[in-house]
Protein chains: 2
Amino acid sequence: MKTEINLGQDAQQIQIFKALADPIRLQILQYIKQTDHPVACGEVGRAVNISKTSGSYHFKLLEAAGLITAEKIAREKYVTINWSTFETYVTNFTQRL
Amino acid sequence: MKTEINLGQDAQQIQIFKALADPIRLQILQYIKQTDHPVACGEVGRAVNISKTSGSYHFKLLEAAGLITAEKIAREKYVTINWSTFETYVTNFTQRL
DNA sequence: TAAATAGTTCAAAAGGTTTTGAACTATCTT
DNA sequence: AAGATAGTTCAAAACCTTTTGAACTATTTA
């Protein structure tokens, strides 16, 4: 009996690595991390110098991967890093492999 | 003094996540890991059911990312997982971010 | 209420990755 | 030496991701 990752877990793992495999998304995560409190998408987008359309696309991917969590307050959308996803899928990746 | 990723390190980080963001390459790594000794590319390729051209492409990417190490012995190329790259860029990613 | 701000959606264009088959080099077997 | 096996390279095709601008919704400010 071979220990193997099932299809569902593997798909999520790939979605996470894809989300992380992009310079803009890494900058976004770096920015959110260093502010260390929920921050509006617009502020992050301005900090990393991207259009709001492009920002919307990147935030959607990060959220879909479970790497960030978003809360909409009135006009703005505040994002936070989801450390537990990082723990499970990134930090503990080699054990899961 | 803030610990930040410089451009060169960031590029390597992205190359690593790109290499990991693919189901075939994850299967390749899983196979190499579970044999737990250097294994020929042909054997891995057969195990994960890909053409030799496609295998050659994927092994090249994994090696370029530093995730595997290859040694050519006569006709065959034997691959091994480079655990130190995983440690630095995957396991310790959140600290580096 | 009009204008400004925050963000989303859509489709097209631009750009990047992966697969394919054919042709190739090198080594091994008969 | 001829044929089989291991792997590489190349260019084209197929496929996938990202950026762009315009049009949109919802909230806030004047």
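Letters A, B, ... mirror the listed sequences (proteins, then strands); counts begin at 1.
Applying the side-chain contact (heavy atoms from CB on, under 4.5 Å) rule to A:V39 yields the partners A:Y31, A:I32, A:T35, A:E43, A:V44, A:V79; only residues at least two apart in sequence or on another chain are considered. For B:K18, there are no salt bridge (Lys or Arg N to Asp or Glu O under 4.0 Å) partners, not counting sequence neighbours. For A:E76, the side chain to side chain donor-acceptor pair (under 3.5 Å) partners two or more places apart in sequence, or in a different chain, are A:Y78. Remark: A:T85 engages A:I16, A:L67, A:N82, A:Y89 in a side-chain contact (heavy atoms from CB on, under 4.5 Å) (not counting sequence neighbours). Scored by the side chain to side chain donor-acceptor pair (under 3.5 Å) test, B:N92 finds no partners at all (sequence neighbours excluded). Residues meeting the side chain to side chain donor-acceptor pair (under 3.5 Å) test with B:E87, sequence neighbours left out: none. Every ring-ring contact (aromatic ring centres under 6.0 Å, His included) that B:F86 has, sequence neighbours left out, goes to B:W83.
Side-chain N/O atoms of B:S54 include one lying less than 4.0 angstrom from OP1 or OP2 on C:dT19. Close to C:dT17, at under 4.0 Å from its OP1 or OP2, lies no side-chain N or O of B:H58.
Computed from coordinates, the A:Y57 OH to C:dA12 C1' distance equals 15 Å when rounded to whole Å.
Within 4.0 Å (heavy atoms only), A:L61 reaches sugar-phosphate atoms of the nucleic acid but no base atom. Using a 4.0 Å heavy-atom criterion, one finds that B:I24 contacts the sugar-phosphate atoms exclusively.
Protein chain A contacts DNA chain D from D:dT17 to D:dT28, reading 5' to 3' and using non-hydrogen atoms of the protein with a distance under 4.0 Å.
For the side-chain hydrogen bond (donor to acceptor under 3.5 Å, both in side chains) condition, the pairs that include at least one residue of residues 46-62 of chain A, sequence neighbours left out, are A:R25-A:H58. Residue pairs satisfying the salt bridge (Lys or Arg N to Asp or Glu O under 4.0 Å) criterion with at least one member in residues 61-70 of chain A, sequence neighbours excluded, are listed as follows: A:E63-A:K77.
If B:R25 and B:T53 are placed on DNA chain C by their nearest nucleotide, the residue sitting closer to the 5' end is B:R25. Two residues, B:G55 and A:A74, neighbour DNA chain D, and the one matched to the more 5' nucleotide by heavy-atom proximity is B:G55.
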Under 3.5 Å, which N/O atoms of the protein pair with N/O atoms of nucleotides 1-6 of chain C?
| from | atom 1 | to | atom 2 | distance (Å) |
| --- | --- | --- | --- | --- |
| C:dT5 | O4' | A:R75 | NH1 | 3.3 |
| C:dT5 | O2 | A:R75 | NH1 | 2.9 |

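A:K33 places a side-chain N or O within 3.5 Å of a backbone atom of B:L97 that can act as its donor or acceptor partner.
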Bracket string, DNA chain C, 5' to 3' - pairs by Watson-Crick or G-U geometry under 3.5 Å, | interstrand: ||||||||||||||||||||||||||||||
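Residues B:Q30 and A:D10 meet the side-chain proximity criterion, which asks for heavy atoms closer than 4.5 Å.
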